[in-house]
Structure formats: C-alpha cells, structure tokens
Amino acid sequence: MEISGDLLIGKHTVRGTNGSIKGIDAATGEALAPAFGGATLEQLEQACALAWQASDIYRELPLETRAKFLETIAQNILDIGDVLIERCVTESGLPRGRIEGERGRTVGQLRMFAAVVREGDFLGVRIDPAQPQRQPLPRVDLRLRYVPLGPVAVFGASNFPLAFSVAGGDTASALAAGCPVIAKAHSAHPGTSALVGRAVQKAVADCGLPEGTFSLLFDSGRDIGQGLVSDRRIKAVGFTGSRGGGTALMKLAAARREPIPVYAEMSSINPVLLFPHALKNRGAAIGKAFAGSLALGAGQFCTNPGLVLAIDGPELDTFIEATAAALSETPAATMLTPGIHKAYESAVNKTAEHGEVKTLARGCAAKGATQGQAALFSTTAEAFRANPELHEEIFGAASLIVRCPDLATVLDLVEQLEGQLTAALHIDEADYADARRFLPALERRTGRILVNGFGTGVEVGHAMVHGGPFPSTADGRSTSVGSLAIDRFLRPVSYQDMPEGLLPDALKTANPLGLNRRLDGKLQLSK
Ligand code: NAP
C-alpha cells in the first residue's frame with residue numbers, strides 16, 4: 001500500500017491544501033516523503049457533515065454488522081503487512097519488536113470490542129414493566145438502553161502510534177459504541193496514520209457502512225484540531241497527549257454552546273511506594289526491576305514510574321545502588337520526536353540544577369541527536385512538599401526518589417499528589433497492615449493500584465482501569481483501556497409507555513436480540 005499524503009474524507013481521498021506536514025525519521029531527524037496536505041476548514045466541514053449523516057444510520061445497524069466491521073478493520077491492518085511496521089518504526093524510533101507487539105494489541109483490542117458488541121451488555125437494558133393496577137397510582141412502562149453519543153473526535157497518542165492512534169483504543173471503543181469517528185492524525189506519525197486510516201476506510205466500504213463512519217484529517221497548525229472539538233456535530237473527544245494540549249481542548253469543549261465530554265489522558269508520575277520489609281528483603285531486586293521499567297520505551301509511557309517514596313536508610317541505599325548500577329548500563333534510546341526529546345532534556349537539566357535535588361545516576365550517553373539518557377534523582381520529603389515543580393511529569397526515563405523519615409511522611413506525601421494513573425506498592429506479608437492504611441488515599445488518587453510490579457504493562461481486558469483523577473485524565477470516572485472504555489461514548493435513554501412496534505429491538509419484550517437485561521431490577525440472563 002502506498003502512502004499518498006491525502007486526507008480521507010468519508011470514501012474520498014482528497015488532497016489537503018492548507019499547508020503541509022512531513023513525517024520525521026525519529027532516529028536521524030530527516031524529513032520523510034511524502035508531504036501530507038493539511039485540511040482546510042471546508043474539508044473539516046465536509047468530514048463533520050458526513051459523520052453527522054452517518055451517525056443515525058450507523059448506530060442502528062445490527063450489532064453483528066458493527067462487530068464484523070471492527071474485525072474487518074483488524075484484518076485490514078494486518079493485511080498492510082510489513083510496510084506498516086517499517087513506517088511506524090521509522091516515524092516513532094521504537095524498536096520493531098515493540099511495534100509488532102503494538103500491532104497485535106491494536107488488532108486484539110478491535111476484536112475484543114467486536115465480542116463486546118456481539119454480547120450486547122453495553123446496551124445496559126433495563127425494563128420496569130407497567131403496573132396498571134398499582135395503588136395509589138398505576139406504574140408506567142419504563143425501558144432503558146444506552147445510545148451512542150454521536151460523532152467522536154480522536155486525537156491519537158505519539159507514544160502508541162498504533163494501539164492509541166487512528167484505529168487504537170479510543171477509535172475502537174467509539175466505533176463499538178456506535179459513534180462515527182473523525183481522527184486527527186498525530187504529526188509525529190502521519191505515514192502510519194495514513195496507512196491505518198486507509199485500512200479503516202476500506203473496512204467501511206467492505207462492510208457497506210455509511211461513508212461518514214470514518215474520516216482522517218491532517219492538521220498543519222491547530223485550526224483543524226480545535227475546529228473539530230468546537231464543531232456542533234462532534235459529541236465527544238478522545239485525546240492522549242500533553243497536559244497543555246489536553247486542557248486546551250477541555251476548555252474549548254466546555255466553552256461550546258453545547259459543552260461535550262473530553263476524555264483526555266495527560267500526565268501522571270505513577271508513584272512507587274517501597275514498604276520497609278520488602279525494601280529490606282528484596283531492595284536490590286526491586287531496584288533492578290524498577291530500572292527496567294523506568295527505561296522501557298525510552299521512558300515514554302504514561303505509566304512510567306516517575307516517583308519513588310520510601311523511608312531513608314541503608315535499605316533504600318541498597319535499592320538505589322542496584323537501580324543506579326542497572327541504569328548506568330542502560331543504552332540511551334531514540335525518543336519519539338525531536339520536540340519530545342528537547343522537552344525531556346530541558347526538564348532533566350532543570351531538575352539536575354534544582355538546589356534541593358541530587359543526581360544519583362545517568363544512563364549511557366546518547367549516541368544520536370534525539371536519544372534520551374535515563375536519569376535518577378533524589379530529594380528530601382521537605383523539599384518535595386515545598387516544591388510543586390518536583391511533582392510534574394518528565395516524559396521520558398527520569399525518576400525522583402524521595403527520602404522520607406517514616407511511613408507517616410510517605411502517606412502524607414501521597415496525600416499531596418495530583419491524580420495518577422497508577423500507584424505501585426512493593427510489599428512483603430509483614431507490610432500488609434501498613435499497606436492497608438494507604439489504600440483509601442491511593443483509591444482517591446489513582447485508577448490502578450498494583451502490588452510488587454510496575455504500571456508500565458497495561459493489560460487490555462475487562463477489569464482494567466487506565467484512567468484516574470485530573471490531571472492523569474480529564475475524567476477519572478472512566479477508563480481508556482479495556483472493554484469498559486466503551487461507556488465513555490454512551491448515555492442512557494428511557495422510553496416511557498412506548499408501544500412495542502416503536503421500541504428498538506433491544507427493548508422489545510420478546511428479547512429478539514437475546515440480551516441479558518434487568519427486569520424489574522432483577523438480572524435476567526439470556527442463556
Ligand atoms: P501533544 O503535544 O499534547 O499532542 C497530542 C495531540 O494533540 C496532537 O495531535 C497535537 O497536534 C494535538 N494538540 C496539542 N495541543 C493542541 C492544541 N492546543 N490545540 C489543538 N490540538 C492540539 O502531546 P505529544 O507531543 O503527543 O506527547 C507528548 C506529551 O504528552 C508528553 O510530554 C506527555 O506528558 C504526554 N503524554 C501523556 C500520555 C498519557 O497517557 N498520560 C501519553 C503520551 C504522552 P500535533 O500533532 O499537530 O502537534
């Protein structure tokens with residue numbers, strides 16, 4: 001499949017005429033062919049109009065059609081073959097094995113959502129049948145199902161060019177919910193976006209769906225992305241990126257005549273808490289594993305462990321020595337974009353120069369212009385408390401260890417933290433009682449609490465929460481990974497005293513779709 005540099009507006013392949021964007025070879029910084037034409041406001045208008053036209057048709061298609069569509073996207077992505085892997089490796093600088101794994105995750109997510117759609121539980125059907133004889137007043141017939149919000153704008157992530165981009169988790173869950181998607185391609189991987197976009201566009205045609213079910217736009221500035229969020233026909237936004245970008249889009253969405261939800265994943269430092277017995281018994285082993293998690297993917301994970309809280313003493317020193325030894329042998333790694341590399345370097349230098357911070361270790365020196373060198377810092381509890389800038393995310397392989405006098409101080413610092421995607425507890429059995437006291441504070445602040453591991457592996461499943469209070473995400477009541485992500489793009493509607501002939505199939509008394517449902521509050525399984 002060739003990369004044309006064109007926009008995908010419904011079934012059309014159109015040249016954008018509003019400036020141009022080029023992909024960059026992450027390792028060399030060289031511009032890659034072809035140039036991608038940025039969309040004009042007229043082209044944005046066309047994509048939104050088509051999405052709106054598609055919306056009411058797409059959402060009422062049989063669930064089987066929707067499920068097959070998701071599976072067809074998955075197959076079409078696989079059918080692109082090596083061209084996709086190669087382009088993605090070049091644009092992202094991520095190793096081939098990682099990108100192949102990410103393609104597997106992308107395809108797996110689409111298939112998981114196909115299964116969710118077929119099962120139909122996401123429709124949340126509830127029926128409270130009429131009780132005409134009820135005293136003192138008769139009860140009306142009430143039936144509830146969840147309906148899709150309408151067209152969704154998706155801003156993919158730079159650090160997951162497949163699994164969280166054009167056909168990634170946000171797109172898969174929005175399409176599964178019954179929402180058309182307009183994807184705004186990330187400027188860090190336009191070629192990857194174009195290839196995947198074509199696979200989705202082809203799936204729309206293969207499955208005979210309305211053409212506006214999917215469009216892909218390139219933006220040479222900010223107008224198209226912002227115009228998309230402001231367009232009256234867009235009803236929700238999925239975003240992964242910086243805190244600045246996410247909050248800018250949240251403000252735009254809130255200022256609309258009809259404000260809409262923005263599901264933005266932004267910044268998180270993912271605290272690691274080392275409890276005394278675990279630290280004493282396994283400090284060196286935890287340190288080695290921590291260094292591995294910190295440096296994975298050049299540290300460019302939203303769940304990267306950017307903060308360690310522990311009691312100061314010889315046990316913590318053992319942990320630090322093991323971490324430092326492992327990091328000092330960790331090769332520098334190519335970062336996603338020159339911009340992300342520059343931001344990393346600047347944040348690391350600023351931290352290293354901070355009067356209250358000590359540099360404990362650095363990774364191997366960079367061999368290329370955009371390679372990030374891992375960094376490990378330490379500070380005291382008082383300094384961490386007094387300097388809010390030390391709580392900020394450094395996107396890359398950098399982490400700060402806070403030396404605390406006791407566990408009460410660790411808990412107090414947890415209470416000072418902003419919202420987080422994850423918190424990792426390293427505990428042995430003798431630490432359980434102490435760990436239990438931390439749970440309420442961690443539940444208030446994080447989406448996922450994990451034990452004796454690190455947050456960097458995010459399982460795509462039914463019980464996963466990849467979300468958390470602000471600023472880790474814009475709305476901590478949801479998850480962007482796992483099957484529950486579909487809920488972000490749905491809302492409940494009740495139908496009162498609606499004749500059978502008018503009811504959607506999902507709510508008909510005879511249950512023609514074979515759905516699980518709540519009848520008079522009691523769960524009724526279809527099989
Ligand atoms: P970014 O600059 O926020 O870009 C994300 C997307 O939003 C891109 O498509 C970008 O467009 C667009 N965008 C950004 N600001 C915008 C604005 N004001 N108006 C309209 N569109 C806007 O983030 P990034 O460079 O991809 O990622 C780097 C940062 O994201 C890191 O520093 C890290 O903090 C954060 N990050 C967080 C997570 C997480 O899950 N929490 C994951 C990855 C990254 P262009 O492509 O045209 O720039």
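The figures that follow rest on heavy atoms only: side chains count, while hydrogens, waters and symmetry mates do not. We number each residue from 1, following the sequence as shown.
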Subject >> Between H462 and S483, a side-chain donor and acceptor under 3.5 Å >> reply: yes
Is the backbone of [Y] close enough, under 3.5 Å, to the side chain of [X] for a donor and an acceptor to pair up by distance?
X	Y	answer
R445	A441	yes
T370	A26	yes
R256	D231	yes
K235	R232	yes
Q420	S268	no
N76	V200	no
S399	P305	yes
R98	P95	no
N270	T422	yes
T171	V166	yes

Is it the case that more than 12 heavy atoms not belonging to [X] sit under 6.0 Å from its [atom1] atom?
X	atom1	result
F454	CZ	yes
E459	CD	no
K508	NZ	yes

Using every non-hydrogen atom in the two residues, find where [X] and [Y] come nearest and quote the distance to one decimal.
X	Y	value
T303	T456	OG1-CA, 3.3 Å
I340	T337	N-OG1, 2.9 Å
A199	I80	CB-CD1, 4.1 Å
S173	D170	OG-O, 3.1 Å
Q496	L142	CB-CD2, 3.8 Å
R87	G191	NE-CA, 3.5 Å

**OP:** Just do the side chain to side chain contact (heavy atoms under 4.5 Å, CB included) check on I73 and V107 with the steps written out, would you?
**Re:** CA-CA 8 Å; I73 298 173; V107 165; over 6 Å; no
Nearest-0.5 Å distance, [atom1] of residue [X] to [atom2] of residue [Y]:
X	Y	atom1	atom2	result
L507	R126	CG	CZ	12.5 Å
I182	I234	CD1	CD1	4.0 Å
L417	S472	CG	OG	11.5 Å
I127	K522	CD1	NZ	14.5 Å

Original post:
Between R444 and E415, does a side chain to side chain contact (heavy atoms under 4.5 Å, CB included) hold up when you go through it step by step?
Top reply: CA-CA 9 Å; R444 267 184 269 121; E415 295 282 14; 2.8 Å; yes
Subject >> Six-ring centre of F160, R105 cation under 6.0 angstrom, axis tolerance 45° >> reply: yes
Original post:
Is the cationic atom of R143 (NZ for Lys, CZ for Arg) positioned less than 6.0 Å from the six-membered ring centroid of Y495 and within 45 degrees of its normal?
Top reply: no
State plainly whether the residues [X] and [Y] are in salt-bridge range, i.e. N to O under 4.0 Å.
X	Y	result
D82	R96	yes
E393	R243	no
R66	E71	no
R518	D128	no
R477	D475	yes
E443	R448	no

**OP:** Applying side chain to side chain contact (heavy atoms under 4.5 Å, CB included), run through I24 and E91 and close with a yes or a no.
**Re:** CA-CA 6 Å; I24 303 280; E91 286 185 332; over 6 Å; no
Compare all side-chain heavy atoms of [X] with those of [Y] and state whether any distance is below 4.5 angstrom.
X	Y	result
C302	T240	no
S480	Y263	no
L61	L209	yes
V125	L144	no
V237	I260	yes

**OP:** Output, in order, the C-alpha distance, side-chain angles, deciding distance and verdict of side chain to side chain contact (heavy atoms under 4.5 Å, CB included) for R491 and L149.
**Re:** CA-CA 7 Å; R491 68 179 185 83; L149 294 182; 3.8 Å; yes
**OP:** Determine, step by step, whether Q75 and D79 satisfy the side-chain hydrogen bond (donor to acceptor under 3.5 Å, both in side chains) criterion, reporting the C-alpha distance in whole Å, the side-chain angles of both residues, the deciding distance to 0.1 Å, and the verdict.
**Re:** CA-CA 6 Å; Q75 189 55 49; D79 288 348; 2.9 Å; yes
Original post:
Under the salt bridge (charged side-chain N to carboxylate O under 4.0 Å, His left out) criterion, do R145 and E60 qualify, and how do the steps go?
Top reply: CA-CA 13 Å; R145 71 165 174 165; E60 289 301 353; 2.9 Å; yes
